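All values derive from a computational prediction rather than experimental measurement. Nothing fancy with the numbering, it's 1 onward along the sequence.
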Amino acid sequence: MDVLLALLIALVTAVTASVPPVRGNEGVPIEVADRSDPVAGLPRILGDPARPLVVLDAGHGGHDPGATSPFGARREKDVTLAIATAIRDALAASGRVRVAMTREDDRYLILKDRYEIARKMRAALFISIHADAAPSNDGARGATIYTLSEVASDREAALLAEQQNQSDRIAGASLSGETGVDRILIDLAQRESMTVSAEFAALLKREASPYFPFRPEYHRFASLVVLKAPDVPSILFETGYLTNATDTAYIASAEGRRQIALGMKSAIETHFARKLVRVAAR
Ligand SMILES: [Zn+2]
């Protein structure tokens with residue numbers, strides 16, 4: 001934590017003593033006023049209360065099917081739920097982290113509620129699961145990891161953000177946030193979360209590459225609403241392409257889900273083991 005952040009926290013703690021505490025990435029309490037609407041009924045958590053919490057978000061759901069594959073008419077909302085469930089089960093069986101899902105059935109959640117669930121549960125990592133589509137290029141295949149940036153890494157990333165964020169505009173959610181000192185604190189926490197998110201993206205590529213293919217440019221940046229929790233490191237994981245026959249056969253199969261869960265489990269457990277080593281070294 002740098003000196004500027006420490007000073008700002010001291011200042012804001014003094015002037016806003018009544019707001020609830022929010023834990024920073026490194027366990028430092030950061031006071032951020034919570035003016036969002038409460039999320040009714042938080043999901044169940046599996047695992048030992050002493051372990052860090054990972055929140056898995058199965059993309060789309062309910063009236064929002066996401067992309068539909070020309071191969072077997074697979075819907076993204078079903079594929080993402082099955083994959084998220086497989087990852088949850090692998091993590092729960094291993095027991096090294098706690099795990100929860102934003103949805104466990106076919107329901108619609110706006111993007112802001114997805115990350116607010118992670119924030120309210122004090123998640124240490126948020127992973128939104130999706131499946132890609134490139135209708136004009138059925139040769140495109142492989143996984144991609146997105147992390148938050150106001151500047152998209154390319155036109156494709158910008159287009160993805162526009163399409164995904166549309167779902168919140170339709171639902172009428174406010175995307176505007178706090179102002180003044182709250183805004184500064186949130187920006188600082190967000191900057192730290194973005195660094196941890198990028199580290200996790202590199203780790204996921206390394207740990208999961210033996211299990212499934214990534215695109216050559218595997219890490220992309222976009223202004224995705226679902227990644228905007230300021231105090232929870234977050235990634236959006238595109239598992240593969242529903243417009244590619246090979247990818248669809250893989251990501252929509254039990255064996256594909258098993259492999260994805262193994263790669264994700266390895267990355268998540270290594271991520272938190274590293275954090276423990278860093279804390280112990282202080
Ligand atoms: Zn999607």
Side-chain angles (χ1 to χ4, degrees), residues 34-47 53-69 72-93 97-133 146 148 160-175 222-229 232-242 248 251-254 256-258 260-261 264-265 268:
D34 183 2
R35 299 200 183 100
S36 60
D37 294 325
V39 176
L42 291 172
R44 67 185 170 134
I45 300 175
L46 303 182
L53 174 65
V54 178
V55 170
L56 302 170
D57 172 49
H60 310 278
H63 66 76
D64 169 19
T68 300
S69 177
R74 302 277 188 184
R75 293 176 303 183
E76 185 180 357
K77 67 173 184 174
D78 303 321
V79 170
T80 59
L81 182 59
I83 291 170
T85 304
I87 297 168
R88 180 200 63 189
D89 292 349
L91 291 172
V97 295
R98 283 182 300 148
V99 60
M101 293 167 69
T102 54
R103 68 177 179 97
E104 296 188 36
D105 52 21
D106 183 19
R107 72 176 67 193
Y108 179 73
L109 292 167
I110 64 166
L111 299 170
K112 187 167 185 288
D113 281 355
R114 294 171 188 261
Y115 76 69
E116 284 295 349
I117 287 171
R119 292 192 68 211
K120 285 176 195 299
M121 295 174 91
R122 308 273 176 100
L125 189 61
F126 176 82
I127 299 172
S128 187
I129 309 286
H130 285 257
D132 236 324
Y146 283 89
L148 183 65
L160 177 79
E162 194 167 308
Q163 286 168 350
Q164 303 267 314
N165 296 346
Q166 191 69 25
S167 111
D168 263 21
R169 275 197 284 277
I170 291 165
S174 167
L175 303 185
S223 181
L224 291 156
V225 170
V226 79
L227 300 180
K228 288 191 174 176
V232 184
S234 304
I235 67 156
L236 186 145
F237 179 53
E238 295 276 11
T239 48
Y241 279 80
L242 287 172
T248 302
I251 63 179
S253 70
R257 285 193 289 275
R258 195 183 73 83
I260 291 168
M264 190 61 88
K265 179 176 95 68
I268 289 168

Item checked: Non-hydrogen side-chain atoms of Arg98 and Met121 separated by less than 4.5 Å -> no
Item checked: Sub-4.5 Å side-chain heavy-atom contact between Gln164 and His60 -> yes
Margin query: Quick check on side chain to side chain contact (heavy atoms under 4.5 Å, CB included): which of Ile251, Thr68, Asp132 does Leu242 satisfy it with?
Written below: Ile251
Report yes or no: does [X] contribute a side-chain atom to a donor-acceptor pair with the main-chain N or O of [Y] at less than 3.5 Å?
{"X": "Asp57", "Y": "Gly59", "value": "no"}
{"X": "Arg114", "Y": "Ala58", "value": "yes"}
{"X": "Asn165", "Y": "Ser223", "value": "yes"}
{"X": "Asp106", "Y": "Gly62", "value": "yes"}

Item checked: side-chain contact (heavy atoms from CB on, under 4.5 Å) between Ile127 and Ile268, intermediate numbers included -> CA-CA 10 Å; Ile127 299 172; Ile268 289 168; 3.7 Å; yes
Margin query: For Arg257, give me all partners under side chain to side chain donor-acceptor pair (under 3.5 Å), at least two apart in sequence or on another chain.
Written below: none
Next item on the list: Can you sort out the partners of Thr85 under side chain to side chain donor-acceptor pair (under 3.5 Å), two or more places apart, ordered by chain and number?
Entry: none
Notebook entry, point to check: Mind checking whether Tyr108 and His63 have parallel, tilted or perpendicular rings, split at 30° and 60°?
Noted result: tilted
Check: So Tyr146 and His130, side-chain contact (heavy atoms from CB on, under 4.5 Å) or not? Walk me through it.
Finding: CA-CA 11 Å; Tyr146 283 89; His130 285 257; over 6 Å; no
Next item on the list: Please assess Thr80 against Arg103 for the test side-chain contact (heavy atoms from CB on, under 4.5 Å), listing each intermediate value before the final yes or no.
Entry: CA-CA 11 Å; Thr80 59; Arg103 68 177 179 97; 3.5 Å; yes
Next item on the list: Identify, with sequence neighbours excluded, every residue that meets ring-ring contact (aromatic ring centres under 6.0 Å, His included) alongside Phe126.
Entry: none
Item checked: Criterion side-chain contact (heavy atoms from CB on, under 4.5 Å) on Ile83 and Phe237, from CA distance to verdict -> CA-CA 11 Å; Ile83 291 170; Phe237 179 53; 5.8 Å; no
